[in-house]
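First comes the structure, then the notes that go with it.
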Amino acid sequence: MLRVLTSTLRFPRPWRPLETRGCSSNAGAADREIQVCALAGPDQGIAEILMNRPSARNALGNVFISQLLEALAQLREDRQVRVLIFRSGVKGVFCAGADLKEREQMSEAEVGLFVQRLRGLMTEIAAFPAPTIAAMDGFALGGGLELALACDLRVAASSAVMGLIETTRGLLPGAGGTQRLPRCLGVALAKELIFTGRRLSGTQAQALGLVNHAVAQNEEGNAAYHRARALAQEILPQAPIAVRLSKVAIDRGIEVDIASGMAIEGICYAQVHVCCQSCMLVSRGQARVGSLGTIST
């Protein structure tokens, strides 16, 4: 049983640093729909994905999805990233959902592929090895809420509006909403919200447990981002491998029976223990730093 579980778990890989990145101000980067920023100073270790498609209220179109997948692939390999924040560069909007105008121009076959890409995107966000936080400072509807649900933690402005509204348009949530919402809120409540297409404020969402924190919006329209950043700062000083493996244990364990979940926890605990021993040997000068890579599978 343990061998089967071990073979299905993806543990942190050996450290492979990427080039240091900052919030670029050049015209090429500013025109991109997805921008990546690595914070510096006391916030080093926090990375941000800025969604910046003002013309379509950050709607999920093909270019947007491609650039977001590219950013996730790059950040996944950067072991310096300890927390990843998703935020919006468009005031009043987190993500308006799928780009329906773009979708109208697609054939039936192309629509099927588009929805598959959306599902794949949400899976990549959910599988990101470090903790992820959605900073919801505005509308998060349909696919926008599905994106937030794929994150580990959610922070919303009290005035933010969110909901899986697909049934009001003759559709159903197709990018993980029917699966992640009941895992978050329970089956009965998830059904109620999806069947009715109800929209919730950030305050209502917090009361239901859909978001971790709801904060009063400020004049700049980025209160949720600031709260998300404060939450990231709380995570930042914690042992990074322990945090990552805690995420693995929770995410994998919740999908299986309790006995299998306990076995997964045991595997993850053993990995952290091996890492701690390696770190102690390094600190004593008894092992090379490169030996830390041996904890990975």
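By convention here, the first residue in the shown sequence is residue 1. All figures in this text were calculated on a predicted structure; none of them were measured in a lab.
- R227 places no side-chain N or O within 3.5 Å of a backbone atom of V215 that could act as its donor or acceptor partner.
- A heavy-atom distance below 4.5 Å is not found between the side chains of Q67 and L69.
- In this model, a donor atom of one side chain and an acceptor atom of the other lie less than 3.5 Å apart for N62 and R117.
- Between M106 and V111, the shortest heavy-atom distance links the atoms CB-CG2, 3.8 Å.
- In this structure a side-chain-to-backbone donor-acceptor pair under 3.5 Å is present from N58 to R53.
- The 12-atom threshold is exceeded at CD of Q204, counting heavy atoms of other residues, nucleotides or ligands nearer than 6.0 Å.
- Shortest non-hydrogen contact noted between I46 and A232 is CD1-CB, 3.7 Å.
- Residue pairs meeting the salt bridge (Lys or Arg N to Asp or Glu O under 4.0 Å) criterion with at least one partner in residues 168-183, sequence neighbours excluded, are R183-E255.
- Hydrophobic clustering (side-chain heavy atoms under 4.5 Å, transitive across Ile, Leu, Val, Met, Phe, Trp, Tyr) groups L208 together with I194.
- Stacking of R103 on the aromatic ring of F114 is not recorded, the 6.0 Å distance cut-off and the 45° axial limit not both being met.
- In the hydrophobic cluster analysis, where Ile, Leu, Val, Met, Phe, Trp and Tyr join through side-chain heavy atoms closer than 4.5 angstrom, V36 is grouped apart from V90.
- Take Q217 and apply the side chain to side chain contact (heavy atoms under 4.5 Å, CB included) test, not counting sequence neighbours, and it matches D137, A157, S159, A223.
- Follow the hydrophobic side-chain contacts under 4.5 Å out from M122 and you reach L210 in the same cluster.
- For N212 (side chain) and R154 (main-chain N/O), a donor-acceptor pair under 3.5 Å exists by modelled atom type.
- Counting only distance, with no hydrogens or angles, the side chain of N218 and the backbone of G221 share a donor-acceptor pair below 3.5 Å.
- Between the side chains of S260 and R252, no donor-acceptor pair of N or O atoms lies under 3.5 Å.
- Taking a cutoff of 4.0 Å between a charged side-chain nitrogen and a carboxylate oxygen, R32 and E70 qualify as a salt bridge.
- Note on F139: it does not cluster hydrophobically with Y225, by side-chain heavy-atom contacts below 4.5 Å among ILVMFWY residues.
- By the 6.0 Å contact criterion, CD on E110 is enclosed, its count of non-hydrogen atoms from other residues, nucleotides or ligands being greater than 12.
- For the pair M162/V211, a side-chain contact is recorded, criterion being any heavy-atom separation below 4.5 Å from C-beta on.
- Interatomic distance, L84 CG to F86 CZ, rounded to the nearest 0.5 Å: 4.5 Å.
- Using a 4.5 Å heavy-atom cutoff, the side chains of R229 and L39 are in contact.
- Taken to the nearest 0.5 Å, the CG atom of L75 stands 11.0 Å off from the CD atom of Q80.
- The closest donor-acceptor contact from the side chain of D152 to the backbone of T132 lies under 3.5 Å.
- Here the straight-line distance linking atom CG of L189 with atom CZ of R198 works out to 8.0 Å at 0.5 Å rounding.
- Note that CD1 of I34 is 4.5 Å distant from CG of L68, once rounded to the nearest 0.5 Å.
- Looking at every heavy atom in both residues, S201 comes nearest to S158 through CB-O, 3.6 Å.
- Within the 4.5 Å cutoff, the side chain of R119 has heavy atoms near those of the V115 side chain.
- A side-chain donor-acceptor contact under 3.5 Å links K247 to the backbone of F128.
- Shortest non-hydrogen contact noted between M136 and F94 is CA-CD1, 3.9 Å.
- Proximity of L200 to V161: side-chain heavy atoms (C-beta onward) are nowhere separated by under 4.5 Å.
- Side chains of I264 and C268 form a contact here, defined as non-hydrogen atoms less than 4.5 Å apart.
- Put simply, the side chain of E146 reaches to within 4.5 Å of the side chain of P173, judged on heavy atoms.
- Cluster annotation: L181 is connected to I125 through the hydrophobic network of ILVMFWY side chains, with a link wherever side-chain heavy atoms come within less than 4.5 Å.
- Of the possible donor and acceptor atoms, none in the side chain of Q35 sits under 3.5 Å from a partner among the backbone N and O of L50.
- R82 has its side chain out of reach of V243: every pair of non-hydrogen atoms, C-beta onward, lies at least 4.5 Å apart.
- Annotation: the span from I49 atom CD1 to C37 atom SG amounts to 11.0 Å, rounded to 0.5 Å.
- Between R76 and P129 the shortest heavy-atom distance is NH1-CD, 3.7 Å.
- Surrounding CE of M262 are at most 12 heavy atoms belonging to other residues, nucleotides or ligands under 6.0 Å away.
- Counting only distance, with no hydrogens or angles, the side chain of E33 and the backbone of F64 share a donor-acceptor pair below 3.5 Å.
- Here the closest heavy-atom approach between residue C95 and residue L60 is recorded as SG-CG, 3.8 Å.
- Remark: the backbone N or O of L172 is not paired with any side-chain donor or acceptor of T167 at under 3.5 angstrom.
- Of the possible donor and acceptor atoms, one in the side chain of D99 sits under 3.5 Å from a partner among the backbone N and O of E102.
- Atom CG of L72 and atom CD of Q74 lie 10.0 Å apart (nearest 0.5 Å).
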